[in-house]
Amino acid sequence: MQSIPMTAKGADMLRKELNELKSVKRPQIIQAIAEAREHGDLKENAEYHAAREQQAFCEGRIQDIEGKLSNAQIIDVTKLPNTGKVIFGTTVTLLNVDTDEETTYRIVGDDEADLKQNMISVNSPIARGLIGKELDDVVPIKTPAGMVEFEIIDVKYV
């Protein structure tokens, strides 16, 4: 099976979610199913069917997280020397060559990606275009607005 790149913070987030699902959510759902069973006929019991649906979702998410964590390749860039090269986990500041607009992104795993926090997935078009490039490189990246040239003005290993 293919390893899943993940930052240490991302792995911690998944472990916390897994713990929450197993120790809090799962017992709540079991209790809800027990209460719904007490109401009698299960065929027409909406509460029972809703609780079973929640249970299926919860168990699926638990399996998904366990699978990701078992295949996780945790990468901590703070322990690597800063060579100025863009790799997984780095924080990159880009300058749009056409508009002189600066943008900073952190390249993270799929589960950690959050554009509102400027955290982009390693599998996104921007990250794929940046991986392997170095400080001061000008990189053409295909965006929804067309080809845009970005200059890498800062690479941080934080």
Side-chain angles (χ1 to χ4, degrees), residues 1-29 32 49-158:
M1 195 161 218
Q2 187 179 10
S3 67
I4 300 169
M6 196 177 294
T7 65
K9 185 178 177 184
D12 287 342
M13 279 182 4
L14 282 179
R15 283 188 199 102
K16 285 178 185 172
E17 182 182 353
L18 182 62
N19 188 40
E20 171 82 12
L21 288 170
K22 284 183 166 183
S23 63
V24 177
K25 196 80 168 164
R26 187 186 268 169
Q28 287 175 348
I29 293 170
H49 292 290
R52 292 289 298 194
E53 197 171 298
Q54 277 186 316
Q55 183 183 36
F57 177 79
C58 181
E59 295 302 323
R61 184 66 182 145
I62 287 171
Q63 285 181 339
D64 184 43
I65 293 172
E66 287 176 339
K68 287 177 181 175
L69 288 174
S70 68
N71 294 315
Q73 177 185 4
I74 298 173
I75 300 168
D76 188 357
V77 292
T78 60
K79 296 179 179 168
L80 300 174
N82 188 340
T83 61
K85 193 172 195 171
V86 179
I87 60 172
F88 178 87
T90 56
T91 301
V92 185
T93 303
L94 305 172
L95 176 71
N96 185 321
V97 175
D98 297 330
T99 64
D100 283 341
E101 186 180 321
E102 280 188 25
T103 312
T104 302
Y105 293 116
R106 181 154 188 233
I107 301 173
V108 296
D110 291 334
D111 288 308
E112 303 167 77
D114 184 355
L115 197 54
K116 292 177 184 169
Q117 295 181 11
N118 289 342
M119 297 170 72
I120 60 172
S121 167
V122 68
N123 296 315
S124 70
I126 293 174
R128 284 197 312 255
L130 293 173
I131 296 287
K133 304 298 189 273
E134 295 183 0
L135 188 63
D136 298 325
D137 282 355
V138 175
V139 183
I141 296 178
K142 187 175 183 178
T143 67
M147 288 300 278
V148 179
E149 285 192 335
F150 292 102
E151 180 181 350
I152 301 172
I153 58 175
D154 191 23
V155 179
K156 293 180 184 169
Y157 285 50
V158 290

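By convention here, the first residue in the shown sequence is residue 1. All values below come from the heavy atoms of this structure, side chains included, with hydrogens, waters and symmetry mates left out.
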Original post:
Can you list every salt bridge (Lys or Arg N to Asp or Glu O under 4.0 Å) pair that touches residues 68-84, not counting sequence neighbours?
Top reply: Asp64-Lys68, Lys68-Asp111, Asp76-Lys79
Original post:
Does Glu66 have any salt bridge (charged side-chain N to carboxylate O under 4.0 Å, His left out) partners at least two apart in sequence or in another chain, and if so, which?
Top reply: Lys22
Subject >> Pairs meeting criterion side-chain hydrogen bond (donor to acceptor under 3.5 Å, both in side chains) with involvement of residues 5-19, two or more places apart >> reply: Thr7-Glu112, Asp12-Arg15, Glu17-Arg61
Please list every donor-acceptor pair under 3.5 Å in which a side-chain atom of residues 119-127 meets a protein atom from a residue at least two apart or in another chain.
| from | atom 1 | to | atom 2 | distance (Å) |
| --- | --- | --- | --- | --- |
| Ser121 | OG | Asp110 | OD1 | 2.4 |
| Ser121 | OG | Asn123 | N | 3.0 |
| Asn123 | ND2 | Asp110 | OD1 | 3.0 |
| Asn123 | ND2 | Asp110 | OD2 | 3.0 |
| Ser124 | OG | Ser121 | O | 2.8 |
| Ser124 | OG | Ala127 | N | 3.3 |

Subject >> Heavy-atom closest pair, residues Met6 and Ala11 >> reply: SD-CA, 3.5 Å
Original post:
Just wondering, more than 12 heavy atoms not from Glu53 lying within 6.0 Å of its CD?
Top reply: no
Original post:
Any side-chain hydrogen bond (donor to acceptor under 3.5 Å, both in side chains) pairs touching residues 127-151, not counting sequence neighbours?
Top reply: none
Original post:
Atom CG of Leu95 and atom CG of Asp154: how far apart are they, to the nearest 0.5 Å?
Top reply: 12.0 Å
Original post:
With a 4.5 Å heavy-atom cut-off, do Val108 and Asp114 have their side chains touching?
Top reply: no
Between side-chain atoms of residues 82-89 and protein atoms elsewhere (two or more places apart, or another chain), which donor-acceptor pairs fall under 3.5 Å?
| from | atom 1 | to | atom 2 | distance (Å) |
| --- | --- | --- | --- | --- |
| Asn82 | OD1 | Gly84 | N | 2.8 |
| Asn82 | ND2 | Val155 | O | 3.1 |
| Thr83 | OG1 | Lys85 | N | 3.4 |
| Thr83 | OG1 | Tyr157 | OH | 3.3 |

Subject >> Counterpart residues, side chain to side chain contact (heavy atoms under 4.5 Å, CB included), relative to Glu20 (two or more places apart) >> reply: Val24
Subject >> Heavy-atom closest contact (Phe150 atom, Leu94 atom, distance) >> reply: CD2-CB, 3.9 Å
Original post:
Is there any salt bridge (Lys or Arg N to Asp or Glu O under 4.0 Å) pair reaching into residues 95-106, and which pairs are they, with sequence neighbours excluded?
Top reply: none
Original post:
Roughly how far, to the nearest 0.5 Å, is CG of Leu69 from CG of Leu18?
Top reply: 6.5 Å
**OP:** Name all residues meeting the side-chain hydrogen bond (donor to acceptor under 3.5 Å, both in side chains) criterion together with Thr103; count only those two or more places apart in sequence or in a different chain, and write none if there are none.
**Re:** none
**OP:** Could you pull out the closest heavy-atom pair between Pro27 and Ser23, with the gap in Å?
**Re:** CG-O, 3.4 Å
**OP:** Compare all side-chain heavy atoms of Val158 with those of Val77 and state whether any distance is below 4.5 angstrom.
**Re:** no
Original post:
Atom CD1 of Ile107 and atom OG1 of Thr90: how far apart are they, to the nearest 0.5 Å?
Top reply: 4.5 Å
